[in-house]
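Take a look at the structure below.
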Amino acid sequence: MELIITEKNNAARRIAEILSGGSATTTQRNGVNVYEWGLTTCVGLSGHVVGVDFPEEYSDWRDVEPVELIDADIVKSPTQENIVRTLRQLAREADEATIATDYDREGELIGKEAYELIREETDAPVKRVRFSSITEREVKSAFDEPDDIDFDLAAAGEARQVIDLVWGAALTRFLSLSARQLGQDFISVGRVQSPTLKLIVDREREIQAFDPEDYWELFADLAKDGETFEAQYFYDDDGSEAERVWDEADADEAHERLREATSAEVTSVRRRTRTDNPPAPFNTTAFISAAGSLGYSAQRAMSIAEELYTTGYITYPRTDNTVYPEDLDPEELLDEFTMTHEFGDDAESLLERDEIEPTEGDDETTDHPPIHPTGAVPDRDELDEDEWEVYELVVRRFFATVAEAATWEHLRVVAAANGCQLKATGKRLLEAGYHDVYPYSSASESFLPPVEEGDALDVTDVELEAKQTQPPRRYGQSRLIQQMEDMGIGTKATRHNVIEKLYDRGYIESDPPRPTSLAEAVVEAAEEFADLVVSEDMTAQLEADMSAIANGEATLDDVTAESREMLDRVFEELRDSREDIGDHLQESLKADRRLGPCPESDHDLLVRQSRQGSYFVGCDGFPECRYTLPLPSTGEPLVLEEACEEHGLNHVKMLAGRDTFVHGCPQCKADEADDTEDEVIGLCPDCGDEHEGNLAIKKLRSGSRLVGCTRYPDCDYSLPLPRRGDIEITDEYCDDHDLPELVVHSGDDPWELGCPICNYQEYQARQAVDDLEDLDGVGPATAERLETAGVSEPADLRDVDPDVLATEIQGVSSSQIRDWISQLPEVDPGDDDDDDPDDTVSGSEDGEIMDDIRAEVEEVESD
DNA sequence: GCAAGGTC
């Protein structure tokens with residue numbers, strides 16, 4: 001048997017298809033896809049299936065001095081057990097193996113890892129094939145002339161693994177231990193993340209150090225035949241045009257002159273035609289940037305792209321390439337879109353061009369094509385809204401790259417008024433070109449009426465505007481990724497993850513990202529003692545060393561030994577400063593959680609976490625001062641810059657994905673709750689008859705509101721209410737529950753919430769439908785059809801016969817339904833509740849609200 | 001529980 005190994009499952013499937021002429025069959029071994037035809041078997045890895053780490057005895061951070069890691073052994077162990085097991089099994093049956101991983105350094109290393117696993121099972125010959133795109137021609141010719149594994153190139157990759165692990169782990173442990181930050185909130189550093197963080201911190205330093213300067217600008221409205229346009233004052237500053245006036249007296253003088261002017265004479269009119277070329281094909285960075293201007297974070301854009309890739313609608317989203325490969329036929333691809341409702345007209349019009357010559361970017365690599373749509377076009381309702389928007393972006397970008405250039409007419413008018421010069425510019429789109437199919441980049445026109453030299457214009461509405469120079473702007477996520485690419489750090493597949501990691505580690509917050517005090521302290525400590533790790537030079541040096549290894553000019557051992565010596569010297573420096581660094585880091589950690597003065601002691605209030613994991617506000621003077629305030633139970637608290645004027649406490653925002661909200665000043669929220677009387681609206685359905693409990697609208701000190709029983713905590717019946725808006729209790733009563741209908745007033749549109757019990761039941765029903773969409777391959781449309789067929793929540797699928805249901809729902813196969821059923825969580829045998837409506841709203845099923853109430857009465861845990 | 005690099 002001949003065994004072929006690829007880097008990922010998708011590549012395995014396509015190579016099997018090509019080499020077998022479509023006859024390959026798919027089976028599963030240990031849950032891993034295996035493709036077979038004739039005497040050949042093909043299996044895909046999932047990138048690296050083994051990882052590097054230190055031996056077991058180094059795993060307890062407190063038992064090991066970080067410096068010991070420098071010379072510790074490094075061992076490789078499987079990280080993808082099932083794939084490794086499958087590979088071993090297949091190797092035992094193989095007479096010959098071929099490594100067909102990606103054609104790049106990391107691919108060579110992944111191939112060598114597979115080789116070593118195979119060698120542990122068999123002495124069969126192992127070959128290597130290289131091809132830069134998975135096309136029939138390239139793949140077949142690569143397999144006709146197999147080569148050998150390039151062990152030097154793989155060793156270059158191993159050097160990177162070793163150096164990254166040793167530096168990253170030793171310094172991360174050093175900082176974490178010195179600040180006594182173990183467990184979840186360790187303090188990390190690394191070759192890629194730390195220079196990226198320094199970029200953000202440096203920009204923040206520039207912003208902090210910025211000293212704004214005053215200047216003035218003047219504007220006047222000019223009119224010809226009643227058509228008005230705005231012009232700006234400018235003057236000659238050493239031969240170049242300047243609009244900003246730096247001296248107030250000069251500005252006042254110009255203002256006076258313009259106000260006295262009754263007319264302006266046009267002294268020059270210049271018309272120019274400009275070509276606006278269509279954009280280059282998408283690589284990862286350009287894609288993230290374009291998706292960013294549609295409001296997607298880098299992480300979100302990439303995860304949607306990966307989803308679209310695995311479902312087969314777009315090509316591989318991790319690529320540096322901006323030049324379409326030769327085997328891409330743009331006309332053929334356009335043809336696939338002509339029959340679609342959304343893109344048909346645009347595709348037709350592009351096909352009418354005489355000659356289609358796609359644009360090209362500067363970067364050409366051969367591992368993967370630029371991101372473009374495959375010929376498979378999804379129906380709109382197969383994708384959710386975000387997926388569709390991103391898919392459309394990729395389709396339209398492809399369209400743009402095969403569309404014509406746009407042309408603009410730029411018009412510039414200069415006029416003189418009472419010795420002052422005024423100018424106005426306008427632009428008009430002459431040929432929309434690619435903008436017709438790619439409506440994302442700005443194509444906005446600015447209007448100027450047709451004026452001629454010598455025309456006399458009316459001057460009206462002269463304005464003097466006082467302004468200040470602005471500090472540099474913070475980097476946005478896509479700008480950061482661009483900057484990382486320019487600096488040569490990270491890869492197309494990791495840059496967006498690095499940004500996400502900085503958020504997770506508490507180094508940056510908000511968007512655009514702003515560094516925390518902790519981030520500043522970490523960068524300061526690194527700058528002082530381990531400058532290399534916050535510098536892009538470390539990567540540059542590593543790249544040079546890796547090239548040397550790949551060329552045979554150096555060995556893995558040379559390079560890693562030298563790197564270890566450098567790190568030894570760093571630790572020499574660090575040795576005496578351990579405590580200072582730790583204190584500084586701890587101070588910064590506290591600063592990020594500090595809200596302001598405690599009303600009962602001379603200390604500050606801090607955001608703290610109870611032993612159970614819930615957040616609250618507590619005094620830094622604990623245990624002497626036991627003052628506390630509750631926080632909402634949803635999300636992670638973030639201390640905002642804005643502070644409450646009354647209490648001097650910073651506002652708190654609760655980060656909870658889609659449900660993120662600003663809580664505000666926790667003292668104000670608690671006071672409001674204390675000052676608000678409970679409003680009784682009816683009898684409690686749980687204990688009203690028996691104990692005369694009433695339902696009341698309650699405001700909690702944590703800021704949330706609910707309808708709850710007045711006998712709490714003896715009765716914990718409750719219903720949720722929105723956090724915001726005034727609640728009006730109307731005279732209308734619900735027939736079913738004998739409760740008043742409620743109306744929430746916030747913003748312009750009042751929201752008729754209705755009976756709180758009915759409302760909660762409807763809410764739960766909606767949640768159930770939303771849960772349906774969490775199943776793979778269920779979009780909004782399918783969820784709706786499922787609901788009509790009686791499946792209103794995922795658990796309902798357990799009770800259906802897939803074959804029967806498939807006949808009831810259009811476009812859904814019984815095997816798809818079986819797949820959904822296989823995604824359902826394990827059934828808890830005790831959970832056979834019937835659908836008693838009142839049962840669904842009682843205590844245990846409503847953790848969030850009950851947590852809020854408990855937070856009020858619970859004695860807060862000490863540190 | 002550390003990094004960065006693959007991929008899902």
Side-chain angles (χ1 to χ4, degrees), chain A residues 5-12 31-33 44-54 56 58-70 72 74 76 79-80 82-83 101-114 154 156-177 181-197 302-311 316-319 367-368 484 489-502 504-505 530 533 538-539 542-543 546 563 567 776:
Chain A
I5 296 121
T6 68
E7 188 154 323
K8 45 191 164 279
N9 175 50
N10 259 317
V32 179
N33 283 340
L45 307 175
S46 181
H48 292 285
V49 293
V50 295
V52 289
D53 208 344
F54 301 109
E56 181 70 38
Y58 292 91
S59 57
D60 191 336
W61 293 30
R62 285 158 306 187
D63 283 355
V64 179
E65 278 296 319
V67 71
E68 292 179 58
L69 295 178
I70 300 177
I74 289 178
K76 280 188 188 182
T79 50
Q80 304 273 1
N82 285 343
I83 297 178
T101 47
D102 285 1
Y103 187 7
D104 53 27
R105 184 176 59 222
E106 218 62 37
E108 205 69 23
L109 176 53
I110 291 165
K112 189 208 158 192
E113 289 161 0
E158 288 181 292
R160 179 199 59 70
Q161 287 186 318
V162 170
I163 290 170
D164 281 340
L165 176 64
V166 172
W167 280 72
L171 288 172
T172 294
R173 285 197 196 181
F174 178 86
L175 292 184
S176 304
L177 284 163
Q181 284 289 304
L182 299 179
Q184 285 276 291
D185 298 317
F186 57 86
I187 298 172
S188 70
V189 260
R191 175 178 56 83
V192 174
Q193 60 166 293
S194 297
T196 308
L197 188 58
M302 282 309 285
S303 86
I304 294 174
E306 275 154 23
E307 181 68 28
L308 293 170
Y309 160 68
T310 38
T311 41
Y316 195 63
R318 296 182 274 262
T319 176
D367 43 359
H368 298 286
M484 291 170 77
I489 58 175
T491 72
K492 64 213 172 187
T494 59
R495 288 184 198 112
H496 61 276
N497 294 334
V498 171
I499 311 249
E500 205 57 21
K501 192 184 283 180
L502 296 179
D504 289 347
R505 297 285 156 85
V533 86
M538 180 155 178
T539 296
L542 180 63
E543 289 287 349
M546 285 193 291
S563 181
L567 187 56
D776 280 341

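Basis for what follows: all heavy atoms, side chains included, without hydrogens, waters or symmetry-related copies. In what follows, chains are A, B, ... by sequence order, proteins preceding strands, each numbered from 1.
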Protein-nucleotide distance ([X], atom [atom1]; [N], atom [atom2]), rounded to Å:
| X | N | atom1 | atom2 | answer |
| --- | --- | --- | --- | --- |
| A:Glu307 | B:dT7 | CD | C1' | 14 Å |
| A:Ile74 | B:dA4 | CD1 | P | 15 Å |
| A:Tyr309 | B:dC8 | OH | C1' | 10 Å |
| A:His496 | B:dA4 | NE2 | C1' | 13 Å |
| A:Met484 | B:dG5 | CE | C1' | 13 Å |
| A:Asp102 | B:dG6 | CG | P | 9 Å |
| A:Glu158 | B:dG6 | CD | P | 15 Å |
| A:His368 | B:dT7 | NE2 | P | 6 Å |

Original post:
Are A:Trp167 and the base of B:dA3 stacked, counting only ring centres nearer than 5.5 Å and planes tilted under 30°?
Top reply: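 Taking the rule of under 5.5 Å and under 30°, the ring of A:Trp167 does not stack on B:dA3.
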Can you check whether [X] has a side-chain N or O nearer than 4.0 Å to OP1 or OP2 of [N]?
| X | N | result |
| --- | --- | --- |
| A:Ser188 | B:dA3 | yes |
| A:Arg160 | B:dG5 | no |
| A:Lys492 | B:dG6 | no |
| A:Thr491 | B:dG6 | yes |
| A:Tyr316 | B:dT7 | yes |
| A:Gln80 | B:dT7 | no |
| A:Arg191 | B:dG5 | yes |

Tell me if a side-chain donor or acceptor on [X] pairs with a main-chain N or O of [Y] at a distance below 3.5 Å.
| X | Y | value |
| --- | --- | --- |
| A:Thr494 | A:Gly490 | no |
| A:Ser194 | A:Arg191 | no |
| A:Thr6 | A:Thr101 | no |

**OP:** Can you establish whether the number of heavy atoms outside A:Tyr103 located under 6.0 Å from its atom OH is more than 12?
**Re:**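 Counting neighbours around OH of A:Tyr103, 12 or fewer heavy atoms of other residues, nucleotides or ligands fall under 6.0 Å, so no.
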Quick one: label [X] by what it contacts on the DNA or RNA (base, sugar-phosphate, nothing), any heavy atom closer than 4.0 Å.
| X | answer |
| --- | --- |
| A:Gly44 | nothing |
| A:Asp60 | base |
| A:Val52 | base |
| A:Ser59 | base |
| A:Gln184 | nothing |
| A:Arg505 | sugar-phosphate |
| A:Leu182 | base |
| A:Phe174 | nothing |

Original post:
Closer to the 5' end of DNA chain B via nearest nucleotide, is it A:Lys8 or A:Leu165?
Top reply: A:Leu165
Original post:
If each of A:Gln193 and A:Thr310 is mapped to the nucleotide of DNA chain B with the nearest heavy atom, which maps nearer the 5' terminus, i.e. the 5' end?
Top reply: A:Gln193
Subject >> 4.5 Å side-chain heavy-atom contact, A:Met538 and A:Ile489 >> reply: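 A side-chain contact is absent here, since even the closest heavy-atom pair is not under 4.5 Å.
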Original post:
Looking only at heavy atoms, what is the nearest atom pair of A:Thr172 and A:Ser176, with distance?
Top reply: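 So the minimum-distance heavy-atom pair works out to O-OG, 2.7 Å.
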Subject >> Shortest side-chain distance from A:Asn9, nucleotide among B:dG5, B:dG1, B:dC8 >> reply: B:dC8
Subject >> Among B:dG6, B:dC8, B:dC2, the one nearest A:Glu7 by side-chain distance >> reply: B:dG6
Original post:
Is the shortest side-chain N to carboxylate O distance from A:Glu68 to A:Arg173 below 4.0 Å?
Top reply: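 Result for this pair is no, no salt bridge flagged.
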**OP:** Would you kindly check whether a donor in the side chain of A:Asp53 faces an acceptor in the base of B:dC2, or vice versa, at under 3.5 angstrom?
**Re:**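 By the distance-only test, yes, there is a pair.
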